[in-house]
Protein chains: 2
Amino acid sequence: MPKTNRPVSPYAADSAIRLGQLIRRGRIDRHMTVAALAERAGVSRGLIQRIEAGDTGCAIGAVFEAAAIVGVRLFDAGPATMSREVESNREVMALLPKAIRSQRTEPNDDF
Amino acid sequence: MPKTNRPVSPYAADSAIRLGQLIRRGRIDRHMTVAALAERAGVSRGLIQRIEAGDTGCAIGAVFEAAAIVGVRLFDAGPATMSREVESNREVMALLPKAIRSQRTEPNDDF
DNA sequence: AATTAACGATCCATAAATAGATCATTTCAG
DNA sequence: CTGAAATGATCTATTTATGGATCGTTAATT
């Protein structure tokens, strides 16, 4: 349990917990100790524990690093294709409007 | 560009950038300004900018919160099913070994 | 083309995350 | 069953992220 926590929605909190589960599972499947994963990720043992617990305060870089090491696939792209995915999407991004003007109809809460 | 950055692997860095792209795209599709998203997520405007830029230092809770608001689907589970996904996986987790003993073949960093 | 909101970047003070050490407990191997 | 190792938890010092303000630039609308 983290010392303190900023308020987050249930979906965001659950997403962090889910990712923590995937990381823990991947680590155990690979017969790695928490300490071993921490060392390879370049972080402390305590941070790995918080990551696996789904602490929403952890830096996303540390979490993704741990995920990568234990083989958790992010956003339907493996290590080989993630870079290309990002690159090809830059073109798409370039076509989007650079600034949003009208708030139009009240922000959609439907999801 | 973030002030400072802890070293992360290309895959982790690209993953953060990819998620930032998805969030930015979702925000623009919904005609939301950066400021509007920031307010709804309960964070500062500057943080949203860093999130969309793929800054690996951002708290994962803030990133997932922004993702949720603009409708980015995480780990193949929408808001309705994420909670159940986590819950049903607790049983699976319970079956895994609680501690890892043998390093098996010492983490061979031979290459 | 002019207007003005949105954006991106930077600086500083403050709040928060992280590292590192330590201790108790659990759990696996012999 | 026993011993050693892994885990989980907690504490403090330090590093770092974040909020909030500001400024120049960009770009959408008229």
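Below, read A as the first sequence line, B as the second, and so on, with proteins coming before strands; counting in each chain starts at 1.
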Requested in this report: Check every atom of C/dT18, C/dA9, C/dT27 against the side chain of B/Gln49 and return the nucleotide holding the closest atom.
Outcome: C/dA9
Query raised in the report: Would one find a side-chain N or O of A/Arg50 under 4.0 angstrom from OP1 or OP2 of D/dT7?
Result: no
Report summary line: Taken to the nearest whole Å, CD1/B/Ile28 to C1'/D/dA28 is 13 Å
Query raised in the report: Between B/Arg27 and B/Lys98, who's closer to the 5' end of DNA chain C by nearest nucleotide?
Result: B/Arg27
Query raised in the report: If we only count heavy atoms from C-beta on, is the B/Val34 to A/Ile100 side-chain gap below 4.5 Å?
Result: no
Report task. Sorted by first residue and then second, give each side-chain hydrogen bond (donor to acceptor under 3.5 Å, both in side chains) pair with at least one member in residues 79-89 of chain B; sequence neighbours left out. Result -> B/Glu87-B/Arg90
Report summary line: The nucleotide from C/dG8, D/dT29, C/dT18 with an atom nearest the side chain of A/Ala59 is C/dT18
Query - Carboxylate-amine/guanidinium contact A/Arg18 A/Asp14, below 4.0 Å - result: no
Query raised in the report: Would one find a side-chain N or O of B/Arg45 under 4.0 angstrom from OP1 or OP2 of C/dT10?
Result: no
Requested in this report: Nearest whole angstrom, please: distance from the P of D/dT18 to the CD1 of A/Ile60.
Outcome: 11 Å
Report task. Measure from the side-chain heavy atoms of A/Arg6 and tell me the nearest of D/dG19, D/dT7, C/dC7. Result -> D/dG19
Query raised in the report: If we fit an axis to the first five pairs and another to the last five of the helix from C/dA1-D/dT30 to C/dG30-D/dC1, what angle do they make, to the nearest 10°?
Result: 80°
Requested in this report: For D/dG8, take OP1 and OP2 only and decide whether either is under 4.0 Å from a side-chain N or O of A/Arg24.
Outcome: yes
Query raised in the report: Any donor and acceptor pair, going by atom type alone, linking the side chain of A/Gln21 with main-chain N or O of A/Glu52 inside 3.5 Å?
Result: no
Requested in this report: Find which nucleotide of DNA chain C each of B/Gly46 and B/Pro97 is nearest to by heavy atoms, and output the residue with the more 5' nucleotide.
Outcome: B/Gly46
Report task. Determine whether more than 12 heavy atoms belonging to other residues, nucleotides or ligands lie under 6.0 Å from atom CD of A/Gln49. Result -> yes
Query raised in the report: Any donor-acceptor pair under 3.5 Å between the side chain of B/Arg101 and the base of C/dA29?
Result: no
Requested in this report: Measure from CD1 on B/Ile48 to C1' on D/dG20 and round the result to the nearest Å.
Outcome: 15 Å
Query raised in the report: Looking at the side chain of B/Val34, which of D/dG19, C/dC7, D/dA9 is the nearest nucleotide?
Result: C/dC7
Report task. Check every strand shown and say whether A/Ala62 touches a base, only sugar-phosphate, or nothing at a heavy-atom separation below 4.0 Å. Result -> nothing
Report task. From the options C/dA9, D/dT7, D/dT18, select the nucleotide whose nearest atom is closest to the side chain of B/Cys58. Result -> D/dT18
Query raised in the report: Do the side chains of B/Leu19 and B/Ile23 get nearer than 4.5 Å, heavy atoms only?
Result: yes
Enumerate donor-acceptor pairs with a distance under 3.5 Å from any side-chain N or O in residues 59-77 of chain A to protein atoms, sequence neighbours excluded.
residue : atom : partner : partner atom : Å
A/Glu65 : OE1  : B/Ser9  : N            : 2.7
A/Glu65 : OE1  : B/Ser9  : OG           : 3.2
A/Glu65 : OE2  : B/Ser9  : OG           : 3.4

